[in-house]
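Heads up, the thing below is written out as structure tokens.
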Amino acid sequence: ARTINIALVGNPNCGKTSLFNIASGAHEHVGNYGGVTVDAKQGYFHYKGYNFNIYDLPGTYSLSAYTPEEIYVRRHLINETPDIIVNVVVASNLERNLYLTTELIDMDLSMVIALNMYDELENAGSILDYKTLGGMIGVPIVPTISKTGWGIENLFDTIIKVYEGEDPIVRHIHINHGSVIESGITVIKDELKTDPKIQKYFSPRYLAIKMLEKDREAEVFLHKEVNYDKWAALRDKEVERIEDTLGEDVESAIANEKYGFISGALKETLTPGNKETANTT
Ligand code: GDP
Ligand code: MG
Ligand code: K
């Protein structure tokens with residue numbers, strides 16, 4: 001049987017471990033992973049003729065390389081190259097949870113979104129047109145309640161479909177960061193494309209974004225793999241132009257554009273309810 005490698009990625013307290021426990025089953029062996037200080041687990045199970053190898057990764061709000069958890073998740077995605085990322089999001093807190101999603105989209109990875117705590121969204125009286133939202137971002141979205149197991153079979157059926165290249169929703173999109181930033185991304189990306197070593201780092205577009213952010217892991221990668229001075233000079237020129245034009249530092253500007261993209265997408269797909277919930281996550 002074929003093995004599908006899966007990584008659960010999401011904010012702290014979004015329900016990753018609940019999902020992991022339901023999927024891998026109480027009877028499976030679940031050991032601590034790699035003797036690391038961050039909280040990560042690995043499990044195995046079989047479903048519909050496939051072997052699943054699933055990692056429960058530490059919770060993160062973003063993939064900037066600042067905290068041990070963020071660095072751990074980034075390295076896992078780069079080194080273990082999971083077949084499918086399951087991005088677990090809190091259905092009742094999408095404005096914040098989808099930020100990480102926009103970063104995963106930048107990385108150009110195969111992905112399914114578990115719209116978890118769907119019960120809380122419904123309890124709040126909110127309605128999300130998740131099919132339309134999934135179509136907009138090119139990622140299948142499956143509602144789940146990982147506390148009870150509701151929706152988990154549907155989630156794994158969707159994972160199999162994406163793995164087999166049979167899900168019509170899947171499409172790689174680019175988050176539009178606005179013309180000022182996008183022209184900087186394009187200038188750097190077009191240069192990066194000429195260097196075959198860059199292919200090791202996901203996509204040239206992703207690395208170009210990370211360079212503009214002066215991301216620490218990307219800096220280390222460039223130092224190791226390529227002629228750093230040439231890239232730094234090109235990057236610095238673009239950063240200066242962007243910051244002069246926008247009047248803010250480029251890292252915040254990129255984050256703001258991502259939040260703008262999310263709020264635009266939610267404006268079209270989410271009808272918020274007016275009931276308060278006990279959700280504090
Ligand atoms: P993690 O930090 O992402 O691993 O999240 P956990 O799996 O530890 O879950 C955090 C809390 O949310 C726990 O108290 C879970 O019981 C609860 N939880 C998980 N999934 C759901 C869900 O779908 N609905 C509701 N209402 N609570 C959930
Ligand atoms: Mg957990
Ligand atoms: K909660």
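Note that ligands are numbered from 1 as they come in the structure, with each ligand's atoms numbered from 1 the same way.
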Query raised in the report: Heavy atoms, side chains only, cut-off 4.5 Å: are D236 and K214 in contact?
Result: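 They are in side-chain contact.
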Strictly distance-based, threshold 3.5 Å: is any side-chain N or O of [X] a donor or acceptor partner for the main-chain N or O of [Y]?
X    : Y    : answer
E70  : Y66  : yes
R2   : Y50  : no
D215 : M211 : no
S146 : S18  : no
R75  : E80  : no

Query raised in the report: Evaluating non-hydrogen atoms only, which member of K41, M117, E120, K16 is closest to atom 3 (O) of ligand 1?
Result: K16
Query raised in the report: Taking atom 4 (O) of ligand 1 as the point of reference, which of T17, N21, L121, N13 owns the nearest heavy atom?
Result: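 Nearest heavy atom to atom 4 (O) of ligand 1 lies in T17.
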Which of the numbered atoms in ligand 1 are under 4.0 angstrom from any heavy atom belonging to [X]?
X    : result
S18  : 6 (P), 7 (O), 9 (O), 15 (C), 19 (C)
N116 : 20 (N), 21 (C), 23 (O)
I145 : 22 (C), 23 (O), 24 (N)

Report task. May I ask you to identify, for D119, whether its side chain, its backbone, both or neither come under 4.0 Å of ligand 1 on a heavy-atom basis? Result -> side chain
Can an N or O of [X] be found at a distance shorter than 3.5 Å from an N or O of ligand 1?
X    : result
S146 : yes
C14  : yes
P12  : no
L19  : no

Report task. Classify the angle between the aromatic ring planes of Y47 and F156 as parallel (below 30°), tilted (30 to 60°) or perpendicular (above 60°). Result -> perpendicular
Query raised in the report: What class does the angle between the rings of F52 and F45 fall in, given that below 30° is parallel, 30 to 60° is tilted and above 60° is perpendicular?
Result: parallel
Query raised in the report: At the 4.0 Å heavy-atom cut-off, does G10 count as touching ligand 1?
Result: no
Report task. Flag T17 as yes if one of its N/O/S atoms falls below 2.8 Å of the Mg ion (ligand 2), otherwise no. Result -> yes
